[in-house]
> 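Encoded as structure tokens, here's the structure I'll be asking about.
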Amino acid sequence: MNKKIFLSAPEMGNNELKYIQKVFQSNYIAPLGEYVDKFEESVKNYTGTKNALAVSSATSALHLALRVLGIKDGDDVLASTFTFIGSISAILYQNANPIFIDSDFKSWNISPKLLNKYLLTCDKKPKALILTHIYGMCADIQKIADICKMHGIYLIEDSAESLGATYNSKHTGTFGDMGVFSFNGNKILTTSGGGMLISDNKEWIQKAKFYATQAREDEIYYEHIEYGYNYRMSNVLAAIGVAQMEVIDKRVAKKREIFNWYREFLDGVDGITFMPELKNSIGNRWLSAILFENIDYKKIIKALESKNVEARPLFKPMHLQPLFKDAKSYLNGVSEELFKKGLCLASSTTMTKDDVEMICSTIKQELI
Ligand SMILES: *Cc1c(COP(=O)(O)O)cnc(C)c1O
């Protein structure tokens with residue numbers, strides 16, 4: 001049996017171990033340490049944001065964002081329905097109400113039209129929108145940022161999957177009031193687990209840092225006026241992050257190359273369409289995603305499984321999750337259709353063109 005091909009396996013660069021060794025030599029295993037600062041610096045420089053905070057996950061970064069923006073009990077928070085649960089959990093942590101907005105076929109992300117319509121007609125103004133750039137591909141983000149501004153609601157970009165993606169040459173995560181990145185094991189870069197909160201607003205990031213470190217007041221003894229969390233990233237993991245940031249452009253190029261191989265090998269095959277890319281944007285193609293018109297994708301998953309290749313259906317929309325059976329949603333059928341027809345194909349940056357060819361011929365065999 002060939003080695004298992006994963007959807008998105010980690011790929012280390014050349015310096016991760018070297019930097020970890022430096023951490024060990026300095027004994028700054030904890031607390032924090034210089035690599036945390038370096039990691040934040042590198043994300044700031046790369047994305048062009050003014051402030052960054054390294055934390056334990058993107059989920060905790062989103063939680064900090066909502067807490068800092070004062071979102072609390074009973075507030076409405078809009079969110080993508082076509083996303084991963086980690087995008088939504090923080091809304092529940094704050095006892096706020098998620099309201100799910102559907103996608104459009106042009107981007108597979110939130111439909112600006114639907115969003116605007118909701119905001120024009122809703123009885124109760126939401127406090128914020130958490131928007132996901134799904135599979136690393138840009139939402140119609142400039143338009144959506146303008147709509148949020150016009151209606152006076154905060155925009156938080158869940159860029160957990162989209163580090164390196166740009167719209168009009170501007171990085172995802174920097175259009176809204178705050179943005180988050182994930183360095184979880186399956187993302188385009190990984191620190192094994194980790195996240196980053198970014199914003200141009202210095203006060204917000206300082207406040208987030210305060211909450212992320214148990215909300216300790218500035219005293220020599222432990223003084224607490226508010227409660228916080230234990231959400232910061234360790235210096236050991238930040239060392240991995242610094243080395244991973246050195247190869248981000250390479251990883252984006254490879255992910256895009258893998259997608260292009262899929263397109264090349266499946267070119268002209270009936271009933272297959274690929275996830276689109278918005279004009280003026282360059283996505284990172286974190287996972288290559290494909291729709292199948294004429295076949296039950298379970299057959300394809302099974303065929304790939306027999307070749308030791310991972311594949312997975314597209315995200316089941318949040319409004320279809322039992323957890324959210326009582327939540328409000330604003331729908332147009334797009335995310336349900338994507339879920340019904342779509343698969344994520346293996347997109348690990350360690351893959352070769354031969355791997356992709358093998359996967360495509362396995363798929364084609366199921367289509368005859
Ligand atoms: C991975 C992911 C998250 C959560 O990231 P963690 O770092 O694992 O907490 C949130 N939103 C989306 C869209 C994701 O893909």
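Counting from 1, the numbers follow the sequence of the chain as shown.
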> Honestly curious: do Ile144 and Ile101 fall in one hydrophobic cluster under the side-chain, below-4.5 Å linking rule?
yes
> Looking at Tyr46, Phe181, Tyr19, Phe183, which one forms a ring-ring contact (aromatic ring centres under 6.0 Å, His included) with Phe39?
Phe183
> Can you confirm whether the side chains of Asn15 and Glu246 place a donor and an acceptor under 3.5 Å from each other?
yes
> Taking the basic N atoms (NZ, or NE/NH1/NH2) and the acidic carboxylate oxygens, is any pair closer than 4.0 Å for Lys187 and Glu161?
no
> Only one of Phe265, Phe259, Trp261, Tyr262 passes ring-ring contact (aromatic ring centres under 6.0 Å, His included) with Phe274; say which it is.
Phe259
> Salt bridge check, Glu226 against Lys207: does any charged N sit closer than 4.0 Å to a carboxylate O?
yes
> With sequence neighbours left out, what residues match Thr190 under side chain to side chain donor-acceptor pair (under 3.5 Å)?
none
> When hydrophobic residues are tied together by side-chain contacts of less than 4.5 Å, even through go-betweens, does Phe210 share a cluster with Ile71?
yes
> Let's go through Arg285 and Glu257 carefully: what are the C-alpha distance in whole Å and the side-chain angles of both, what is the deciding distance for salt bridge (Lys or Arg N to Asp or Glu O under 4.0 Å) to 0.1 Å, and is it a yes or a no?
CA-CA 9 Å; Arg285 293 284 181 199; Glu257 190 173 33; over 6 Å; no
> Considering the options Asn284, Asn109, Thr172, which one meets the side-chain hydrogen bond (donor to acceptor under 3.5 Å, both in side chains) requirement together with Ser162?
Thr172
> Among side-chain atoms of Gln214 and His224, is any donor-acceptor pair under 3.5 angstrom?
no
> Just checking, is any N or O donor in the side chain of Lys307 or Thr362 under 3.5 Å from an acceptor N or O on the other one?
yes
> Between Glu310 and Arg312, is the salt bridge (Lys or Arg N to Asp or Glu O under 4.0 Å) condition met? List the steps.
CA-CA 7 Å; Glu310 194 180 11; Arg312 197 173 292 170; 2.9 Å; yes
> Do Phe292 and Tyr297 have ring centres separated by under 6.0 Å?
no
> I need the single residue from Lys50, Arg232, Lys209 that forms a salt bridge (charged side-chain N to carboxylate O under 4.0 Å, His left out) with Glu40. Which is it?
Arg232
> Is a salt bridge present between Lys254 and Glu11, judged by a nitrogen-to-oxygen distance below 4.0 Å?
no
> With a cutoff of under 4.5 Å between side-chain heavy atoms, which Ile, Leu, Val, Met, Phe, Trp and Tyr residues group with Tyr221?
Ile220
> Give a yes or no on whether a salt bridge exists between Lys341 and Glu293, defined as a side-chain N under 4.0 angstrom from a carboxylate O.
yes
> Using the six-membered ring of Tyr227, assess whether NZ or CZ of Arg67 lies under 6.0 Å from its centre and within 45 degrees of the ring axis.
yes
> Do Thr166 and Ser169 have side-chain N/O donor and acceptor atoms under 3.5 Å apart?
no
> For the residue pair Asp355 and Thr352, confirm or rule out a side-chain donor-acceptor distance under 3.5 Å.
yes
> For a quick test of reading the model, state the closest non-hydrogen atom pair linking Ala346 to Ile359 and the distance between them.
CB-CD1, 4.0 Å
> Excluding sequence neighbours, so at least two apart, what forms salt bridge (charged side-chain N to carboxylate O under 4.0 Å, His left out) with Asp102?
none
> For the residue pair Lys38 and Tyr35, would you count it as a cation-pi contact if the rule is NZ or CZ under 6.0 angstrom from the ring centre and within 45 degrees of the ring axis?
yes
> Any side-chain heavy-atom pair from Pro317 and Phe100 closer than 4.5 angstrom?
no
> Within the 3.5 Å criterion, strictly below it, is a donor on Tyr231 or His63 matched to an acceptor on the partner's side chain?
yes
> With no hydrogens and no angle check, just 3.5 Å: does a side-chain donor-acceptor pair link Ser87 and Thr132?
yes
> Closest approach of Ser26 and Val23, non-hydrogen atoms and distance?
OG-O, 2.9 Å
> Looking at every heavy atom in both Pro98 and Ala327, which two are closest together, and how far apart are they?
O-CB, 3.9 Å
> Would you tell me whether His133 and Glu157 have side-chain atoms, one donor and one acceptor, within less than 3.5 Å of each other?
yes
> Does a side-chain heavy-atom distance below 4.5 Å link Met351 with Val356?
yes
> Can you see which heavy atom on Ile188 is nearest to which on Lys255, and at what distance?
CD1-CG, 3.8 Å
> What I want to find out is whether Asp146 reaches Lys143 closely enough, with some N-O distance under 4.0 Å, to be called a salt bridge.
no
> Kindly indicate, with the supporting measurements, whether the criterion salt bridge (Lys or Arg N to Asp or Glu O under 4.0 Å) is fulfilled by Glu305 and Lys302.
CA-CA 5 Å; Glu305 214 170 54; Lys302 229 164 141 190; over 6 Å; no
> Hey, any chance Phe84 and Leu197 share a hydrophobic cluster, counting ILVMFWY side chains that come within less than 4.5 Å of each other, even indirectly?
yes
> Just wondering, do Asp75 and Leu66 contact through their side chains at under 4.5 Å, heavy atoms?
no
